[in-house]
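Keep in mind that the numbers below use all heavy atoms, side chains included, and drop hydrogens, waters and symmetry copies. Counting starts at 1 for both ligands and their atoms, in listed order. Nothing here was measured: the structure is a model prediction, and the numbers come from that model.
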Amino acid sequence: MSTQVTTPTPDLRADVWSRKDLTAIEPLSVGELTTLLDTAAAFKTVGTREIKKVPALRGQTMVNFFVEPSTRTRVSFELAAHRLSADVINMSASSSSLTKGETLKDTALNLQALHADIIVLRHSSAGAAQFLAERLQASVINAGDGAHEHPTQALLDTFTIREKLGRIAGIHVVIIGDIRFSRVARSNIQALTKLGARVTLVGPPTLVPREFEHLGVAVTHDLDAVLPDADVVNLLRIQHERQRKEYFPSLGEYTALFGLTKARAEKLKAEALIMHPGPINRGVEIDSDLADSGRSVILDQVTNGLAVRMAVLFLCAGARHD
Ligand code: CP
């Protein structure tokens with residue numbers, strides 16, 4: 001007899017969630033965001049039990065389809081699906097018939113014909129997950145689409161802030177770096193402002209244009225001026241794969257002006273959190289020792305990604321099937 005069914009699924013507030021897909025943070029209500037974070041907290045508790053598996057997605061199949069590289073997101077979605085008792089298929093672009101010219105839509109329809117219930121998609125094109133969500137009965141979860149959104153990253157970031165500081169509302173989050181090309185920044189801005197945080201974007205004018213102010217955030221190009229007032233600094237990766245030379249002339253100049261060095265970290269409040277979505281460019285966005293210091297919650301973010309992704313899969317696919 002299987003032991004996993006004896007571990008109950010947490011008491012979840014699925015009553016306020018009716019979406020089959022999660023493609024962006026932008027359309028979510030405060031209630032939906034709170035439900036996601038509360039559900040993740042319940043699943044984090046499950047992770048401390050002796051039996052860490054729940055039967056919520058038993059009999060369902062999740063396809064983890066990553067057209068761009070990933071470590072954290074891909075592995076944590078796979079682990080989350082296993083913890084929820086789903087079957088998991090991992091697919092990459094290079095091993096799929098996309099290389100033979102098959103369209104994304106046809107690939108996804110074929111996966112659905114093979115009874116995929118959930119498709120987790122990372123893709124270089126903004127809108128790819130939403131495109132599939134509108135054409136499939138299967139749940140579609142956006143694991144990062146171009147420079148558009150990375151919703152589960154924003155959820156694990158806000159979850160970590162709430163866990164460490166006890167609240168989101170009123171917290172001042174400073175997001176530093178390559179905002180123009182960052183799906184992480186776009187999703188974080190949506191989640192944090194909806195939940196009542198104050199957000200300041202910092203970086204060179206080419207990567208942090210004033211147009212972002214219409215999202216209800218502050219924009220500055222002076223990192224040293226904002227550090228003393230920050231409760232959280234979130235350092236974004238310089239995305240060399242999406243960069244253009246005219247936006248980003250020199251790594252050395254970037255680090256000199258916007259890297260979190262030890263000297264700059266001295267300006268932070270003692271309790272301020274240092275975050276980074278990963279992968280880190282050590283010595284560029286952040287001093288290597290700081291990344292490994294007690295002030296850094298970078299690996300806590302990764303750990304929390306598991307509970308957050310369990311919550312997303314459960315709410316989109318598990319609750320619907322119940
Ligand atoms: N933060 C993030 O998306 O990391 P991966 O690219 O490793 O998934």
Side-chain angles (χ1 to χ4, degrees), residues 22-26 36-37 40 62-83 88-95 118-129 140-161 163-164 173 175-192 203 232-243 260 273-282 284-286 291-292 296-313:
L22 179 68
T23 59
I25 298 292
E26 194 270 331
L36 279 161
L37 297 180
M62 183 189 90
V63 177
N64 223 7
F65 188 17
F66 279 65
V67 178
E68 283 191 328
S70 167
T71 297
R72 284 146 285 268
T73 313
R74 188 180 60 76
V75 172
S76 60
F77 264 116
E78 179 172 0
L79 194 49
H82 283 303
R83 290 268 172 96
V88 180
I89 307 291
N90 282 301
M91 263 181 77
S92 67
S94 60
S95 61
I118 307 160
I119 296 178
V120 175
L121 179 70
R122 171 167 288 189
H123 201 281
S124 55
S125 296
V140 177
I141 312 297
N142 182 6
D145 59 334
H148 174 225
E149 281 226 28
H150 191 347
T152 56
Q153 181 68 46
L155 291 169
L156 72 89
D157 290 343
T158 46
F159 183 92
T160 304
I161 294 170
E163 181 182 63
K164 300 287 178 190
V173 181
I175 305 177
I176 304 164
D178 183 1
I179 311 289
R180 183 187 287 274
F181 295 100
S182 176
R183 56 197 178 205
V184 174
R186 281 174 181 77
S187 289
N188 262 276
I189 290 166
Q190 291 292 338
L192 290 165
V232 176
V233 287
N234 195 351
L235 303 148
L236 302 181
R237 180 175 72 88
I238 297 300
Q239 300 186 77
H240 301 289
E241 70 275 22
R242 285 185 235 285
Q243 256 342 312
L260 189 64
L273 305 179
I274 297 175
M275 304 179 76
H276 193 304
I280 301 170
N281 293 308
R282 285 178 182 266
V284 178
E285 304 104 18
I286 184 168
D292 300 328
S296 158
V297 295
I298 294 170
L299 292 178
D300 299 274
Q301 291 170 258
V302 178
T303 301
N304 288 334
L306 174 58
V308 160
R309 288 171 177 129
M310 287 176 78
V312 169
L313 294 173

S.K.: Quick one: list whatever passes side chain to side chain contact (heavy atoms under 4.5 Å, CB included) with Pro69, sequence neighbours left out.
M.R.: none

S.K.: Taking side chain to side chain contact (heavy atoms under 4.5 Å, CB included) as the test, write out the residues that go with Arg72, two or more places apart.
M.R.: Pro279, Val302

S.K.: Using only heavy-atom distances, determine whether the side chains of Glu78 and Asn90 contain a donor-acceptor pair under 3.5 Å.
M.R.: yes

S.K.: Regarding Glu149 and Ser187, do their side chains bring together a donor and an acceptor under 3.5 Å, going by distance alone?
M.R.: yes

S.K.: Quick test of your reading of the model: are Asp145 and Arg186 salt-bridged, counting only N-O distances below 4.0 Å?
M.R.: no

S.K.: Taking non-hydrogen atoms within less than 4.0 Å of ligand 1, which protein residues qualify?
M.R.: Ser70, Thr71, Arg72, Thr73, Arg122, His150, Gln153, Pro277, Gly278

S.K.: For Ile89, which residues count as a side chain to side chain contact (heavy atoms under 4.5 Å, CB included) partner, sequence neighbours excluded?
M.R.: Thr61, Val63

